[in-house]
Student: 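The structure under discussion is supplied below as structure tokens; questions concerning it will follow.
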Amino acid sequence: MKGLKMEKIYQVERGGSVNGRQKEESFAKGLNFYKLFWVFFIGSIIGVIVETLFCLATQFRIESRKGLLYGPFNPVYGFGAVVMTVCLHWLEKKRDLWIFLGGMVLGGGFEYLCSLVQELVFGTVSWDYTGSPFSFGGRTSLMYCFFWGILGLLWVKELYPRMSRLIERIPNHVGKTLTWVCVLLMVIDIALSGMAVSRYSARQEGIPAETNVQEWIDRYYPDDLMQVIYPNMIKK
């Protein structure tokens, strides 16, 4: 009986069958779309939590650090987690120094790019490191690149492997459906947040609403609400 039990365990681990049934492969196996979406989703939440705690520890106040109107999400951290995963996973077996340096370059470059895109698209910025030592155009700095390096190392060695295993444990029939529901909700949240930020920026320039949609946004997402959600967003 013990030998039969061990054989069943061996078959499961090898992806074989037990009692004539083939073990179902996870819907999020490897770095497919489902896995990367959940990395983005969870990374968006973790980023908000970390930033909120950092603000509390350094500025002794709780302040909104989310990037979307609804939910504790910051897509900057979500996309950053995806970039870290895709670009650094192949370094998992390499020396920690290489992972750290890769995290520095990727994180700093990504932060710089996000700041640039936000300014070009919306005419606003949410962080400005001008005046900090070794600042790169105020969009990132050597100190924050160092933090990105540490985060990259922790991500590759500890956080992502654990997260990956948890995601793959979600039953397939639940995981696929839940993924697409969350994708839809996230797309709506991102689109609505983008329009609200665009109108917020336009109102700062005295540009009136020209369409019914813009009037609706101005009514439900006025300046005082936007200032609470995005307290560090400034017009450039």
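By convention here, the first residue in the shown sequence is residue 1. Here the structure is a predicted model, which is why all the values come from computation and not from measurement.
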Student: Taking L31 as the starting point, is it possible to reach V39 by hopping between hydrophobic residues whose side chains are less than 4.5 Å apart?
Tutor: yes

Student: For P222 versus D224, what's the shortest heavy-atom pair and its separation?
Tutor: CG-OD1, 3.1 Å

Student: I'd like to know if the side chain of N74 reaches the main chain of R65, judged simply by a donor and an acceptor atom lying under 3.5 Å from each other, with no hydrogens or angles considered.
Tutor: yes

Student: Dump the intermediate steps for side-chain contact (heavy atoms from CB on, under 4.5 Å) on C145 and T140, then the final yes or no.
Tutor: CA-CA 7 Å; C145 287; T140 189; 3.9 Å; yes

Student: Establish, yes or no, whether a centroid distance under 6.0 Å links the rings of F40 and F79.
Tutor: yes

Student: How about Y200 and D223: do any of their side-chain heavy atoms sit closer than 4.5 Å?
Tutor: yes

Student: Donor-acceptor pair, S135 side chain versus Y129 backbone, under 3.5 Å?
Tutor: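 Judged by distance alone, yes, a pair lies under 3.5 Å.
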
Student: Could you go step by step and tell me if Y144 and W148 meet the ring-ring contact (aromatic ring centres under 6.0 Å, His included) rule?
Tutor: CA-CA 6 Å; Y144 281 93; W148 278 109; 8.9 Å; no

Student: Let's go through E215 and D218 carefully: what are the C-alpha distance in whole Å and the side-chain angles of both, what is the deciding distance for side-chain contact (heavy atoms from CB on, under 4.5 Å) to 0.1 Å, and is it a yes or a no?
Tutor: CA-CA 5 Å; E215 291 177 355; D218 287 354; 5.7 Å; no

Student: May I have the step-by-step check of salt bridge (charged side-chain N to carboxylate O under 4.0 Å, His left out) for E51 and K66, ending in yes or no?
Tutor: CA-CA 9 Å; E51 272 221 43; K66 64 181 187 174; over 6 Å; no

Student: Rounded to the nearest 0.5 Å, what's the gap from CD1 on I234 to CD on Q204? Could you check?
Tutor: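 Reported to 0.5 Å precision, the distance equals 11.5 Å.
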
Student: Heavy atoms, side chains only, cut-off 4.5 Å: are R169 and L166 in contact?
Tutor: yes

Student: How close do L153 and I99 get, counting heavy atoms only, and between which atoms?
Tutor: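 Minimum heavy-atom contact is CA-CG2, 3.8 Å.
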
Student: Would you confirm whether E158, through its side chain, and L154, through its main-chain N or O, come within 3.5 Å as a donor-acceptor pair?
Tutor: no

Student: Let me confirm one number: the CE-CD1 distance from M104 to I150, rounded to the nearest 0.5 Å.
Tutor: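 Reported to 0.5 Å precision, the distance equals 9.5 Å.
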
Student: Go through it in stages, so that I can follow the logic: the residues are L106 and L88, the test is side-chain contact (heavy atoms from CB on, under 4.5 Å), and I'd like the CA-CA distance, side-chain angles, deciding distance and then a yes or no.
Tutor: CA-CA 9 Å; L106 279 173; L88 294 182; 3.6 Å; yes

Student: Report, as yes or no, whether the 6.0 Å neighbourhood of atom CZ on F33 holds more than 12 heavy atoms from other residues, nucleotides or ligands.
Tutor: yes

Student: Using the rule that Ile, Leu, Val, Met, Phe, Trp and Tyr join whenever any side-chain heavy atoms are under 4.5 Å apart, tell me whether W127 and F134 fall into a single cluster.
Tutor: yes

Student: Main chain of G30, side chain of K35: is a donor-acceptor contact present, judged purely on distance under 3.5 Å?
Tutor: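 Checked: pair present.
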
Student: Taking the ring centre of each residue, are W38 and F27 less than 6.0 Å apart?
Tutor: no

Student: Mind checking whether I49 and P72 have side chains closer than 4.5 Å, heavy atoms only?
Tutor: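 Counting from C-beta outward, I49 and P72 never come under 4.5 Å.
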
Student: When you measure from the side chain of T52 to the backbone of V48, do you find a donor-acceptor pair of N or O atoms at a distance under 3.5 Å?
Tutor: yes

Student: Between R203 and E205, does any NZ, NE, NH1 or NH2 come within less than 4.0 Å of an OD or OE carboxylate oxygen?
Tutor: no

Student: Can you find a heavy atom in the side chain of P133 that is under 4.5 Å from one in the side chain of M143?
Tutor: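 No. Closest side-chain heavy atoms not under 4.5 Å.
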
Student: Do W216 and Y221 have side chains that get closer than 4.5 Å, going by heavy atoms?
Tutor: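 Counting from C-beta outward, W216 and Y221 do come under 4.5 Å.
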
Student: Would you say the side chains of T124 and Q118 form a donor-acceptor pair under 3.5 Å?
Tutor: yes

Student: Establish whether I42 and F110 are linked, either directly or via other cluster members, by ILVMFWY side-chain heavy-atom contacts under 4.5 Å.
Tutor: yes

Student: Is there a donor-acceptor contact under 3.5 Å from the side chain of S193 to the main chain of L68?
Tutor: no

Student: Among pairs that include at least one residue of residues 86-98, which meet salt bridge (Lys or Arg N to Asp or Glu O under 4.0 Å), considering only residues two or more places apart or in two chains?
Tutor: D96-K157

Student: Can you measure from OG1 (T177) to CD1 (I170) and round to the nearest 0.5 angstrom?
Tutor: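 Answer rounded to 0.5 Å: 11.5 Å.
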
Student: Verify, without hydrogens or angle tests, whether S164 (side chain) and Y160 (backbone) share a donor-acceptor contact under 3.5 angstrom.
Tutor: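 No, the answer is negative, given that no donor and acceptor are paired below the 3.5 Å cut-off.
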
Student: Report the C-alpha distance between R139 and E119 in whole Å, list the side-chain angles of each, state the deciding distance to 0.1 Å, and finish with yes or no for side-chain contact (heavy atoms from CB on, under 4.5 Å).
Tutor: CA-CA 10 Å; R139 303 187 189 282; E119 182 175 347; 2.8 Å; yes

Student: For the pair F146 and F100, evaluate ring-ring contact (aromatic ring centres under 6.0 Å, His included) and give the outcome as yes or no after the intermediate values.
Tutor: CA-CA 8 Å; F146 181 82; F100 173 78; 5.5 Å; yes

Student: Could you tell me whether the side chains of S26 and E168 share a donor-acceptor contact shorter than 3.5 Å?
Tutor: no

Student: Counting N and O atoms only, with roles assigned by atom type, does the side chain of S115 sit under 3.5 Å from a partner on the main chain of E111, one being a donor and the other an acceptor?
Tutor: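 Such a contact is absent between S115 side chain and E111 backbone.
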
Student: Using atom types as modelled and distance alone, determine if a side-chain donor or acceptor of Y77 lies under 3.5 Å from a backbone N or O of I45.
Tutor: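 Checked: no pair found.
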
Student: So, do M233 and V125 sit near enough that their side-chain heavy atoms are less than 4.5 Å apart?
Tutor: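 No - every pair of side-chain heavy atoms lies 4.5 Å or more apart.
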
Student: Establish whether V76 and M226 are linked, either directly or via other cluster members, by ILVMFWY side-chain heavy-atom contacts under 4.5 Å.
Tutor: no

Student: Could you tell me if E63 and N232 have a donor-acceptor pair between their side chains, going purely by distance under 3.5 Å?
Tutor: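 The criterion, which ignores hydrogens and geometry beyond distance, is satisfied for E63 and N232.
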
Student: Check this for me: I62, atom CD1, are more than 12 non-hydrogen atoms of other residues, nucleotides or ligands nearer than 6.0 Å?
Tutor: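 No - once you tally the heavy atoms of other residues, nucleotides and ligands closer than 6.0 Å, there are 12 at most.
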
Student: Do you reckon V121 sits in the same ILVMFWY cluster as L113, going by side-chain contacts under 4.5 Å, direct or chained?
Tutor: yes

Student: Is the ring centre of F37 less than 6.0 Å from the ring centre of Y34?
Tutor: no

Student: Closer than 3.5 angstrom, by distance alone: can the side chain of T58 be matched with the main-chain N or O of F54 as a donor-acceptor pair?
Tutor: yes

Student: Centroid-to-centroid, F73 to F41, below 6.0 Å?
Tutor: yes

Student: Where do G78 and S44 come nearest, in terms of heavy atoms and distance?
Tutor: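 Shortest heavy-atom separation between G78 and S44 comes out as CA-OG, 3.3 Å.
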
